[in-house]
Amino acid sequence: MTEMQPALDHNARVHVTSVIDRRVVAPSVISLGFRAPELARAARGGQYVMAVPPSGEAAAVALGIYEAHDDRISLLFFLTGKRTRELGALRPGDELSMFGPLGNGFELSKPPKRATIVAGGVGIASVLLAAEELLRAGSRVELLYGARSSAYLVDSTRFARLGCHVAVSTDDGSAGHHGFVTQLLEQREPPELLLACGPSPMLRAVAASAARMGVRAQLSLEETFACGVGGCWGCVVPLSAESAQAPSFPPSDRGGSDVVYARICKEGPVFWSDELRW
Amino acid sequence: MTEMQPALDHNARVHVTSVIDRRVVAPSVISLGFRAPELARAARGGQYVMAVPPSGEAAAVALGIYEAHDDRISLLFFLTGKRTRELGALRPGDELSMFGPLGNGFELSKPPKRATIVAGGVGIASVLLAAEELLRAGSRVELLYGARSSAYLVDSTRFARLGCHVAVSTDDGSAGHHGFVTQLLEQREPPELLLACGPSPMLRAVAASAARMGVRAQLSLEETFACGVGGCWGCVVPLSAESAQAPSFPPSDRGGSDVVYARICKEGPVFWSDELRW
Amino acid sequence: MTAVATPDLSVRLGNLELPYPTLMGSGCYGSGDEFASFADLHKIGAVVLKSVTREPRLGNPTPRLVHVAAGMLNAIGLQNPGIDWYLEHDVPKFAGRPCVLIGSVAGFSIDDYAYVCERLAARDEIAAIEVNISCPNVASEGETFACDPRLTAKVVRAARSTTDKTLIVKLSPNVTDIAGIAREAEAAGADALAVVNTVRGMAIDVETWRPRLGNVTGGLSGPAIRPIAVLAVYEVARAVKIPIVGQGGIETVSDALEFLLAGASAIGIGTANFTDPRVPERIVAGLSDYLQRRGLSTIAELTGKANVGRLSAAQIEGDAG
Amino acid sequence: MTAVATPDLSVRLGNLELPYPTLMGSGCYGSGDEFASFADLHKIGAVVLKSVTREPRLGNPTPRLVHVAAGMLNAIGLQNPGIDWYLEHDVPKFAGRPCVLIGSVAGFSIDDYAYVCERLAARDEIAAIEVNISCPNVASEGETFACDPRLTAKVVRAARSTTDKTLIVKLSPNVTDIAGIAREAEAAGADALAVVNTVRGMAIDVETWRPRLGNVTGGLSGPAIRPIAVLAVYEVARAVKIPIVGQGGIETVSDALEFLLAGASAIGIGTANFTDPRVPERIVAGLSDYLQRRGLSTIAELTGKANVGRLSAAQIEGDAG
Ligand SMILES: Cc1cc2nc3c(=O)[nH]c(=O)nc-3n(C[C@H](O)[C@H](O)[C@H](O)COP(=O)(O)OP(=O)(O)OC[C@H]3O[C@@H](n4cnc5c(N)ncnc54)[C@H](O)[C@@H]3O)c2cc1C
Ligand SMILES: Cc1cc2nc3c(=O)[nH]c(=O)nc-3n(C[C@H](O)[C@H](O)[C@H](O)COP(=O)(O)OP(=O)(O)OC[C@H]3O[C@@H](n4cnc5c(N)ncnc54)[C@H](O)[C@@H]3O)c2cc1C
Ligand SMILES: Cc1cc2nc3c(=O)[nH]c(=O)nc-3n(C[C@H](O)[C@H](O)[C@H](O)COP(=O)(O)O)c2cc1C
Ligand SMILES: Cc1cc2nc3c(=O)[nH]c(=O)nc-3n(C[C@H](O)[C@H](O)[C@H](O)COP(=O)(O)O)c2cc1C
Ligand code: FES
Ligand code: FES
């Protein structure tokens, strides 16, 4: 059974970066670009960083690595609460520390002919690098991208320019298919490779579709994080004990359970749809 | 015995203002100007406002009313901690709520021939209005102004332009007298009217000098505030029970004490030097 | 999302009817008129007045306040003129106030409480009594009444015997088993419980090496204690039938809703008044909007509705990290 | 301001000598190498490992974490593979780590503690043992050991009998009288005390009406609890002679100094590692600078030096607002 792309821990470290550009890409959605050469080199599709709020007054925030080119990386985030609001207040020239890259990215070692990527909402932030890697390897990549409404469709044209086949859906029908992005997936042929990132209801739907199609999806999960590096066991998800990603645990005695809690930050954030026991 | 200038409570209310100018007047000392017509009209020398931190995450901050002309008032403050840093981050156009004016200002009902004002550090923020009022009434006003070093002498030229006789002192001798501002006071003739605002060691020294000179000083005190309106009894200072500013309390039975704790925010912030029992 | 007629925000504590479920915390709202220029007192459920004792008290040495992360420490020391002076000079001024006034009684012996409670409750200006039992009992080397079930029962029984007006007993969070104390207070005749008072804490100035409070230790209030207070309300609500006034770090309507869902029938607002005097009015407006949005018509429909699913097992797994 | 030779930051807990006074809180620093790429482990006093139990534990249902004002609530539920697996598969990996490792023992019966403590302490990779007594005792309907002086004494005596290595007993703040519990632990043979563990709390999602933790209740940590923890250290230090590892919301050198002045000999850092993994190194550097600036040469010169002046009288005036 294939492993997820391993976190290259020897590449992960604290990076003191500075903001080089800031865009408001959608209502209360911010994109920040940083000068971070090492990070740009090390980042793999599906990995994330822990960004340290400048005030030092709140926990670090897990954010997917959106872009990584030359010596620049960027983050794309929703202003959901105290910490992302603090990050959203940063301006070009401001300093920001972040540590990473962290987590096991998508498993892309065998580029297929046809790959499908499903992204919902801010999930788009975690799939760009994977799309680029697949395109470079010659795969035909289709992006199924769902959002609340057209205003929240971030950079979809950019994926098209890269060479992705893009189909969008919106909850309010203001653009593309009126409904869930997973309905678009249902209309497709079973892809050889299926990646997804977005809110957990969407991921559960993707898992269900994948099962019906008889394929395994790679799902990038989210949970409230504390340490982000596997040190606190706070970010877990129930996983089949048979999974290669299951944390070491006495196989014999699990109180009769064949399920273990795996750390999304360490064993994940990407898991195989058929191994999750949520 | 004269009362301090009464707080015109019917004038005090919540004002939703907006920043119209911002100056960095000294290292980590900020001056913010606001459009606040009613406040500008109502403010009296020595009064203050409670500024509501925009984040809503910290207690309101007591700040003296520095300037009050036409429909503009200004605040002058040191970046000492979380809350003043938050206020210091405000920019023209930003909104700020504040309530006031609060407190009993300086007693200026009988303008003297010669008045002396002693200001230390940020104490300067609470004496400008009083100086203006005295000058308008024809008094000769001398300002004795002490600061850490020349860089921290804020707007002293402005007092001169108004017509005050200004003498400065600095702890490091970088400007004016090398030493304490109270040493300047010692060299003077006993003034008919003596006002002071600054750090409490300075105020204690002024009280001592005043006693030696046989005059009563009006001291504007500072303490950590919570409510700022007399509701919590947190900001008190020991005061002679005989003082007209002493809060109502059984005269007979005070556990034998002739001292009561008066609220700096309500009975003060200005007190007579000879009535304090600190 | 059924829209309904303007929701009814009134609450009942014993025989006391309040137009709104918001009580201003004792010691935070003075004698009830200090905030009059900055807050609409007509939009307030009630003001719990500063605690009064039998004898006058000068209160604690200064400093009495220090701001800390997400809250503050206070050690006022119950400065007050004593019940005689209070009844003669202060209480008369309370007549005709725009909102309900609840007297707060503190003491250092059972007898103190009974004496002050009886005299205060006798006055028409005072609608109800809150018994602040978080005071040290001088008789038993300073152990606070609220930390001992027996002492709690005695104080409450003594106070109860002096009046038929609503008796609210204010509990301390500084105990191993707050639910046990709550049961004693209910059994002894309390009409309602205020949960919770401040959490004991301390701060030290690292330059002067002196405590930052003249009293050395103080009471922690504000958002920092909210999760502690929400749990206290939740545990007390499962132990008693009388209504609870939940308090501890309430700043927003969402905070208020947490306490109601945990089991409170009304909420107390203290420290948030120091952040912005408009908070109580905002919370009342927000509660009304929330009820409408959810198609509910009374506060009671929220009280204790937190859906906890499995519990005792969970409690065994416990909070041990 | 006498400048002195680089100050000595080492501390002694029982027979355990540490190069720095900074211990990473159990459960916050995993097995001691998760942060290796982000923090210099050579600049850390010791890592207290995640608590281990006799049997494997799956841990609590999710969510296990929620961020609250100035801190967080956690309810992990002691997820761990059990002592057998731990000794066979995990402990061997601890050999040759750059910093001292302290094992943490948890249990649900006296026997659990003794069994796990003995087997863990027998291993060379483990320099000392911390006993996490903040677990519910299944025998006495889930009351936590740390909340009962008798149970505390029993657990500590049992653990003590199994090893000569330094035994640190970790106390809970969720008690009426922490000093009393501390005395019991000292009398029963503890070499040091960790003060304090998390404060019990709860948060509710006001849209779903569900608790925000799968376990319903959890433990509050971070700056929100700092004043509570500083007071706990202060009270325990006045009750016992053994050294204290002060913890609860330490983020800066100034926070660390507060705990030392209150009576701690060393400090624990947990939640702050989640804000910035560089915090422990910064605190060590800051302590060194502070000692130099004040002309001091050892940490011990700070321990318990808070100058409180008058006290018992002040305590009587109390924290009653
Ligand atoms: C691996 C990983 C990658 C991620 N990548 C991204 C990314 O690329 N972009 C992005 O935008 N996000 C991303 N996230 C999500 C992001 O880390 C979280 O949203 C984070 O919590 C934001 O922090 P905050 O302080 O701004 O919001 P928080 O205050 O932590 O709030 C987070 C959520 O909880 C809710 N909440 C907060 N307080 C309460 C309350 N009292 N009651 C009920 N609900 C409450 C908020 O409404 C919000 O929806 C990622 C998460 C993970 C685990
Ligand atoms: C009537 C009145 C008028 C005032 N007018 C002015 C004015 O015009 N301009 C002005 O600048 N200020 C003024 N002040 C003072 C101002 O209100 C206070 O400095 C206020 O506390 C600043 O809030 P802050 O959150 O920024 O700082 P805080 O965080 O409250 O800190 C205030 C002071 O306490 C110290 N402190 C904070 N935390 C700690 C700690 N953990 N240990 C030790 N010390 C600590 C800080 O170093 C700082 O010196 C006035 C005060 C009063 C009472
Ligand atoms: C400055 C101050 C003074 C207080 N005085 C009293 C008091 O005299 N009697 C009392 O029962 N509670 C007193 N309290 C406690 C509050 O009424 C309230 O119960 C507590 O602060 C928690 O709520 P909060 O976080 O909203 O402030 C006081 C609190 C503060 C902050
Ligand atoms: C996520 C998390 C898990 C924890 N797990 C444990 C544990 O297993 N055993 C233990 O004794 N303490 C545990 N603690 C408590 C910490 O070790 C520490 O004592 C407490 O959090 C207070 O310190 P802090 O505010 O610096 O985090 C845990 C704390 C957190 C935040
Ligand atoms: S967030 Fe700590 S283990 Fe994942
Ligand atoms: S600050 Fe509340 S009485 Fe002065």
Side-chain angles (χ1 to χ4, degrees), chain A residues 7-16 50-62 81-83 97-102 200 223-238 241 247-257 259-266 278, chain D residues 24-25 27-39 47 50 55-67 69-82 84-86 88-90 212-214 218 221-223 251-252 270-279 282:
Chain A
L8 305 171
D9 267 350
H10 55 278
N11 278 333
R13 58 173 204 76
V14 178
H15 304 270
V16 180
M50 295 294 285
V52 178
S55 69
E57 280 171 5
V61 190
K82 181 177 166 49
R83 295 171 297 164
S97 292
M98 54 184 78
F99 51 106
L102 295 164
S200 82
E223 195 25 291
T224 302
F225 276 14
C227 70
V229 298
C232 75
W233 293 88
C235 63
V236 299
V237 62
S248 73
F249 211 76
S252 55
D253 168 7
R254 268 178 218 113
S257 158
V259 171
V260 295
Y261 285 110
R263 296 164 295 186
I264 291 175
C265 71
K266 189 75 171 181
W278 50 354
Chain D
M24 302 303 104
C28 301
Y29 224 69
S31 61
D33 65 351
E34 288 82 353
F35 279 97
S37 310
F38 316 109
V47 171
K50 175 70 181 169
E55 301 301 329
R57 289 173 57 81
L58 293 169
N60 285 333
T62 62
R64 292 178 173 184
L65 302 172
V66 43
H67 296 287
M72 59 183 288
L73 285 167
N74 89 83
I76 309 300
L78 296 173
Q79 174 166 358
N80 80 92
D84 295 340
W85 176 276
Y86 188 71
E88 187 184 343
H89 297 85
D90 296 338
R212 300 186 67 207
L213 289 172
S221 64
E251 279 187 333
T252 66
T271 303
N273 290 295
F274 310 152
T275 300
D276 190 334
R278 294 166 297 187
V279 163
R282 282 197 196 124

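Naming convention: chains lettered A, B, ... in sequence-line order (proteins, then strands); numbering from 1 in each chain.
Heavy atoms closer than 4.5 Å to chain D are found in the backbone of A/Ala58, but not in its side chain. Within the 4.5 angstrom heavy-atom criterion, only side-chain atoms of D/Asp90, from C-beta onward, approach chain A.
Two residues are said to be in side-chain contact when any heavy atoms from C-beta on lie closer than 4.5 Å; D/Thr62 and A/Tyr261 meet this criterion. In this structure, the side chains of D/Pro63 and A/Glu223 come closer than 4.5 Å at one or more pairs of heavy atoms. Contact check for D/Gln79 versus A/Arg263: no side-chain heavy atoms found under the 4.5 Å cut-off.
For the residue pair A/Ser97 and D/Arg278, a side-chain donor N or O sits within less than 3.5 Å of a side-chain acceptor on the partner.
If you tally non-hydrogen atom pairs under 4.5 Å between each of A/Val52, A/Val229, A/Thr224 and chain D, the highest count goes to A/Val229. Highest contact tally toward chain D, considering only A/Pro238, A/Ala226, A/Gly230, is held by A/Ala226 [criterion: heavy-atom pairs under 4.5 Å].
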